[in-house]
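Order of appearance sets the numbers: ligands from 1, and atoms from 1 within every ligand. Here the structure is a predicted model, which means the values were calculated and not measured.
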Amino acid sequence: MQPINIGICGLGTVGYGSYGVLERNQEEISRRLGKRLCVSHIAVLALKDGQEVGDVKITNDAMSVARDPDVDILLELIGGTEFAYDLILEAISNGKHVVTANKALIATHGNAIFKAARANNVIVAYEAAVAGGIPIIKVLREGLAANKINWLAGIINGTGNYILTEMQSRSRPFADVLKEAQGLGYAEADPTYDVEGIDAAHKLTILSALAFGTPLHLEKAYTEGISQITPEDLQYADELGYRIKHLGISSISDQGIDLRVHPTLIAKQALIAKVDGVMNAVLVHGDAVGSTLYYGAGAGAEPTASAVVADVIDVARRLECMQEEQEQIPALGFQTEALRETKILPIEEVVCAYYLRISVQDKVGVIADITEILGENEISIDAMIQKDPDKSGQDHNAISVIIMTHEIQEAIMNKAITELEALDAVNTGITRIRVTELGE
Ligand code: HSE
């Protein structure tokens, strides 16, 4: 029986990890598939020390893999959104099926890529693009296909979660932990993608489109990272009964779709608040199934390879029954004609509760002024704590006032923060972290 030939473009952490899993589990995969998968062509600029690929054909020209008549499935594991985009379009136009782990590419150019794939009757699979080894794309597209999805929320950046966990549990400095995550192969080539929430926004954009049957709209995602979170915020949140996690949240209501990634206070007892280190977790609420939770390693060579190779097997299985011009399992889970443009709510229209950390001069009347402004804006206070001056800081007279509010629209909170910062006794730079109650 003819094997199915795989071309791998990119032999970095994920590329070499995927090659390794394909080789190591060859026999088990053949038992599942009834066919052999054979890596026949690899594009890499140069093999790194210790990398071995047997007698596979090697090139430094990835386009030659996209044009190789012997390659059935091309694995795009190069990353980036420019060359990788051209490469995938070239592969598609040459009739190749594509598997990619590239969330930035799918979030940015997915609409065009899926259109080209459909026109050429090939599959583009991207399970590894979101939450590493957790098969969350399959969950949304297939496992929960009976449901109307109401909302989803997830810890979908392993590096960010690793940093927050280490800062919380071992009081380690941010920069140190980030460096470690880079060494372990978790972080993006540009680590600002991890710490500024961009990587999570890519992933949430994909999950939201799959959940609600819309085209991909990365440009409308509200994106905030963890770089402004201090060890004090983690400690104060802890005292109030919360963990701070970087969450991607998307929900649908009559007003539209909420699409936002930002640090979030979650009650300590919530299951997702206990997800630590590089682990990812995604909660999905469907009208029939209720709340479901998916947990696993969100980054790293082998967990990501697990998703890449599962996609290869999936594509190989579907090759047999593909017919011309028939969309079998649509790329975004809904028939292309049935995708619906739905308003994505600007962050100012989002309603949530808030944690505020306000640095103030320790003067008589300052708390009264703060509560008056909140009252005038109809912002209700849930809890308040005052912290002694930090003697190690520069301003010996400053104290921190921590306020937890009830739910209020973001636009009103913005107005109140501007008014608070205009008070003489309030130092500029009020920290605001949104609070979420997840119906686990
Ligand atoms: N940099 C990403 C993360 C890798 O830390 O989650 C997996 O997408």
>> So, 4.0 Å and heavy atoms of G132: is ligand 1 close enough to count as a contact?
In response: no
>> Please work out, at 4.0 Å between heavy atoms, whether the side chain, the backbone, both, or neither of D199 comes within that distance of ligand 1.
In response: side chain
> Centroid-to-centroid, H202 to Y193, below 6.0 Å?
Replying inline: yes
>> Quick one, E410 with Y354, criterion side chain to side chain donor-acceptor pair (under 3.5 Å). Give me CA distance, side-chain angles, the key distance, then yes/no.
In response: CA-CA 9 Å; E410 178 107 356; Y354 292 85; 2.5 Å; yes
>> Heavy-atom distances under 4.0 Å decide this one: backbone, side chain, both or neither, for T159 against ligand 1?
In response: both
> When you measure from atom 2 (C) of ligand 1 to every protein heavy atom, which one gives the shortest distance, and what is it?
Replying inline: E188 OE2, 3.1 Å
>> For the backbone of A104 and the side chain of T108, can you confirm whether one donor and one acceptor N or O come within less than 3.5 Å of each other?
In response: yes
> When you measure from atom 8 (O) of ligand 1 to every protein heavy atom, which one gives the shortest distance, and what is it?
Replying inline: K103 NZ, 2.6 Å
> For ligand 1, which atoms sit closer than 4.0 Å to a heavy atom of K203?
Replying inline: 2 (C), 3 (C), 6 (O), 7 (C), 8 (O)
> So which of L216, I92, V98, T100 actually passes side chain to side chain contact (heavy atoms under 4.5 Å, CB included) with I113?
Replying inline: I92
> Could you go step by step and tell me if E341 and T214 meet the side chain to side chain donor-acceptor pair (under 3.5 Å) rule?
Replying inline: CA-CA 6 Å; E341 287 292 357; T214 69; over 6 Å; no
>> Hydrogens and angles aside, do Y294 and T292 bring a side-chain donor and acceptor to less than 3.5 Å of each other?
In response: yes
> Can you find an N or O of D194 that's nearer than 3.5 Å to an N or O of ligand 1?
Replying inline: yes
>> Counting non-hydrogen protein atoms only, what is the nearest one to atom 7 (C) of ligand 1? Give residue, atom name and distance.
In response: G298 O, 3.4 Å
> Looking just at side-chain N and O atoms, do T192 and D190 make a donor-acceptor pair shorter than 3.5 Å?
Replying inline: yes
> What do you reckon, does G158 have a nitrogen or oxygen under 3.5 Å from a nitrogen or oxygen of ligand 1?
Replying inline: yes
> What part of A187, side chain, backbone, both or neither, has a heavy atom within less than 4.0 angstrom of ligand 1?
Replying inline: backbone
